[in-house]
K.L.:
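What follows is a single structure, and I will ask about it in a moment.
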Amino acid sequence: MNQNESLITSNSFSNLSIKRIRELLPIARFRRELLYLIENHQVTVVIGSTGCGKSTQLTQYLYESGWAESGKCIACTEPRKVVVKSLAQRVAEEMGCTLGEECGYGMSFESCTSKTTKVKYITDGLLLQEMFIDPLLTQYSVIMLDEVHERTIATDLLLCLLKKILKQRSDLRIIVASATLDAEKLEEYFKVDQLSCTTFHLESRLFPVDVFYLSTPTENYLENAIEVCSSINKTAPADDDILVFLSGRAEIDECVKRLETASLRNIGSAPQMVALPLYSGLTLDEQMRVFQKVEQGSRKVVFATNIAEASISVEGITYVIDCGYEKVRVYNPYNRSTALVKTSISQASADQRAGRAGRTKPGKCFRLYTEAAFSALKAKSSPELTHSDLIQPLLFLKAMGIKNIVNLSFLDNPPTVQFMAALEELYFLGALDEMGHLTRPLGYSMAEFPLHPRLSKTLLTAAKFGCVQEVLNICSILTITTNLFIKRSSAEYFNSFYKFAVEEGDLLTQLNAFHAYLKQKRESRWCSNHCLNAQSLLQAEQVQQRLQQYLRKFGVYATSRKPTDKTNILKCFLASHYSYVAKRQRNGSYKTPEGLNVYIDKDSVLHEQTPTWIMYYEAETIGEKTYAKVVSVIEGAWLRDYYDEKKNTTGAA
DNA sequence: GAGCACTGC
């Protein structure tokens, strides 16, 4: 895995000094001008594509010209951890310091900073979290938001809150760095609030990429993809690798198979093609295969999802083939379900994909759609905030003292119905009162937990039910995954699954597996033998330790009654998942209070059971049907008890 | 009664 600008490694320029390499970057010529603009404007928008040096150089320019004096620090945010770490390593090297001294980084579970740190790379999410301790972010003199075009929820929230902070801190400078984004929109966003803002365009140092389109639309782009691969293979030198963007796992597996067949037929006449899949569902080791060298005279063909668009950059790609589609997770606020929807990509995204071909020399991009179809694509992808569950972002904003959320200005405002759904649920959870004000201490504590508010509420009520340790463990699991088991063959899966299965359902089954893992002291062979995902289990354990620290901070101690009553654990979850219940219908489906029909997910221990009432953690729509995941059996009587209690407490108000 | 984009606190 490699990051954009760490592409310039000291190895490839070993005969040049670091100082000289820095001077050769396109951004170097504009050093004085950029510093002048930043000095004289509160916000500077810097537009420049991958490789222009903005992420590694701007921070150093600021440091060298004294912005980190008087105890302040220069921050640069990134949406992903790998990038935070590799940038910090690179810059520490350029600055000639040990990582963690003058240049350091911060991310969850792994921070590397000290009192002397002046340049700090940090995940956008962690910078938000720092606002609980220091709401005005006073330790920073300059904050650079990088990769703003990706429009992650955290970056959008930072834009929103930094605008407020700037009004109180005239000494603070913001740099908004983006590859593609209309600068006018950003300038307007800040200028509406009377903040001084300017834009600077940087040239890129990428190589040109020729783009080709289909002359007529295709019925089956998988077929086209294989054809294009074969025709490239006939003419191009064997070490020109191919990267194919597809929408998902099924398409990728299909193409890998087809290319292997096609390549076998080719023997003797053209280079052997080695098909490699790349998507996040693969284990880390499987993903790493795309970085291995293939045999001399063979050609690498990587079939990838969006993961190759920003997260993982495969080096040595000369040809990109782009199907024009991606899968997006879309939240439905009307019934609180999510769906994975296959949609056309944006023009910005198509260009980003094409750019993957021009990293080391001129490249070519074959788009498996017509030029007219490209023109019809929307210019930008829709920001994450506009199609996501807003419960957590909204609670965070409330905790930051934003009273009237609806009047808040985002770069793109989410639909009102999403706000209403989130407000309603936060009220139900007790994080907000009737007036929509944050409750204290409950609402504030819930916000501070690095968990979905539904889980933080469950955890904060667990003491009442005498099951803190169990709920803590379940929340840790759910933060990482909805299923700790790996599906190899279904026989193996179910064999292992049923060793841990309990009749109460998936929450307690997953908990059983986690407890067994903790007893085994992280034995990875044991995990594998039991079809358990070792990676997820380890991450869940880390989360558990972190959550434990938060609990201590709030004075909740992880004690449990012994033996713990399973019923209490489920009742504790029910108290915060009241809208996530469903009753069995005659046709075998289940109906939620909101009228949504759900079916029990195939991965569930309850898949072939028929309890009258179920509670679930999330609902996922696939095609025409919606499936309840992480399902537990509950009793109708619990719901009545719960409803009566709720009526007594809120009815008095 | 089916199929699983990608991050992050």
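Lettering of chains follows the sequences in order, A, B, ..., and the numbering in each one begins at 1.
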K.L.:
Do the side-chain N and O atoms of A:N306 and A:E326 include a donor-acceptor pair separated by under 3.5 angstrom?
P.N.:
yes

K.L.:
Quick one: label A:Q129 by what it contacts on the DNA or RNA (base, sugar-phosphate, nothing), any heavy atom closer than 4.0 Å.
P.N.:
sugar-phosphate

K.L.:
Please work out if A:F396 contacts a base, only the sugar-phosphate, or nothing of the nucleic acid, heavy-atom cut-off 4.0 Å.
P.N.:
nothing

K.L.:
Within the structure shown, what part of the strands sits under 4.0 Å from A:I600 by heavy-atom distance: base, sugar-phosphate, or nothing?
P.N.:
base

K.L.:
Nearest whole angstrom, please: distance from the P of B:dC6 to the CZ of A:F245.
P.N.:
12 Å

K.L.:
Check every atom of B:dC9, B:dT7, B:dA5 against the side chain of A:K327 and return the nucleotide holding the closest atom.
P.N.:
B:dA5

K.L.:
Name the orientation of the base relative to the sugar in B:dC4: syn if the glycosidic angle is within 90° of 0, else anti.
P.N.:
syn

K.L.:
Measure from the side-chain heavy atoms of A:Q392 and tell me the nearest of B:dG8, B:dC4, B:dT7.
P.N.:
B:dG8

K.L.:
Please report, rounded to the nearest Å, how far the P atom of B:dA5 is from the NE2 atom of A:H387.
P.N.:
16 Å

K.L.:
Check step by step if ring pair (Phe, Tyr, Trp, His ring centres under 6.0 Å) holds for A:F396 and A:F132.
P.N.:
CA-CA 9 Å; A:F396 176 78; A:F132 279 107; 5.6 Å; yes

K.L.:
With a cut-off of less than 4.0 Å, is there a side-chain N or O of A:S280 near OP1 or OP2 of B:dC6?
P.N.:
yes

K.L.:
Which word best sums up how the rings of A:Y580 and A:Y616 line up, parallel for under 30°, tilted for 30 to 60°, or perpendicular for over 60°?
P.N.:
perpendicular

K.L.:
Would you kindly give the CD-to-C1' distance between A:E448 and B:dG8, to the nearest whole Å?
P.N.:
17 Å

K.L.:
Output the rounded distance in Å from CG (A:L385) to P (B:dT7).
P.N.:
19 Å

K.L.:
What is the nucleic acid contact for A:R329, judged by heavy atoms within less than 4.0 Å: base, sugar-phosphate only, or nothing?
P.N.:
base

K.L.:
Given B:dG8, B:dC4, B:dC6, which nucleotide is nearest the side-chain atoms of A:A250?
P.N.:
B:dC4

K.L.:
How close or far is atom P of B:dC4 from atom CG of A:N306, stated in whole angstroms?
P.N.:
14 Å

K.L.:
When the distance from CD1 of A:I345 to P of B:dA5 is rounded to whole Å, what number comes out?
P.N.:
16 Å

K.L.:
Ignoring the backbone of A:I622, work out which of B:dC4, B:dT7, B:dA2 is nearest its side chain.
P.N.:
B:dA2

K.L.:
Provide, to the nearest angstrom, the distance between the CD1 atom belonging to A:I480 and the C1' atom belonging to B:dT7.
P.N.:
12 Å

K.L.:
Side chain of A:Y627 only, heavy atoms from C-beta on: which candidate in B:dC6, B:dG8, B:dA2 is closest?
P.N.:
B:dA2

K.L.:
From C-beta outward on A:I307, which listed nucleotide comes closest to its side chain: B:dA5, B:dC6, B:dG1?
P.N.:
B:dC6

K.L.:
Which part of the nucleic acid, if any, lies within contact of A:H452, taking any heavy atom under 4.0 Å across all strands shown: a base, the sugar-phosphate backbone alone, or nothing?
P.N.:
nothing

K.L.:
Return the nearest nucleotide to the side chain of A:Y599; candidates are B:dC4, B:dC9, B:dG1.
P.N.:
B:dG1

K.L.:
For the pair A:E78 and A:K85, find out whether any cationic side-chain nitrogen is under 4.0 Å from an anionic carboxylate oxygen.
P.N.:
no

K.L.:
Which residue, A:T77, A:D146, A:D124, forms the side chain to side chain donor-acceptor pair (under 3.5 Å) with A:T155?
P.N.:
A:D124

K.L.:
Once you apply a heavy-atom cut-off of 4.0 Å, does A:K342 come out as touching a base, just sugar-phosphate, or nothing?
P.N.:
nothing

K.L.:
Please state whether the phosphate of B:dC9, meaning OP1 or OP2, lies under 4.0 angstrom from any side-chain nitrogen or oxygen of A:K81.
P.N.:
yes

K.L.:
Can you tell which of B:dG8, B:dA2, B:dC6 lies closest to the side chain of A:D601?
P.N.:
B:dA2

K.L.:
Once you apply a heavy-atom cut-off of 4.0 Å, does A:T152 come out as touching a base, just sugar-phosphate, or nothing?
P.N.:
nothing

K.L.:
If you only use heavy atoms from C-beta on, which nucleotide in B:dG1, B:dC6, B:dC9 is closest to the side chain of A:T479?
P.N.:
B:dC9

K.L.:
From NZ of A:K625 over to P of B:dC4, roughly how many Å is that when rounded to an integer?
P.N.:
15 Å

K.L.:
Do the side-chain N or O atoms of A:T305 get closer than 4.0 angstrom to the phosphate oxygens (OP1, OP2) of B:dA5?
P.N.:
no

K.L.:
If you pin A:P450 and A:G281 to their nearest nucleotides in DNA chain B, which one's is more 5'?
P.N.:
A:G281

K.L.:
Can you label the angle between the A:F573 ring and the A:H577 ring as parallel, tilted or perpendicular, going by 30° and 60°?
P.N.:
tilted

K.L.:
Using the six-membered ring of A:Y221, assess whether NZ or CZ of A:R367 lies under 6.0 Å from its centre and within 45 degrees of the ring axis.
P.N.:
no

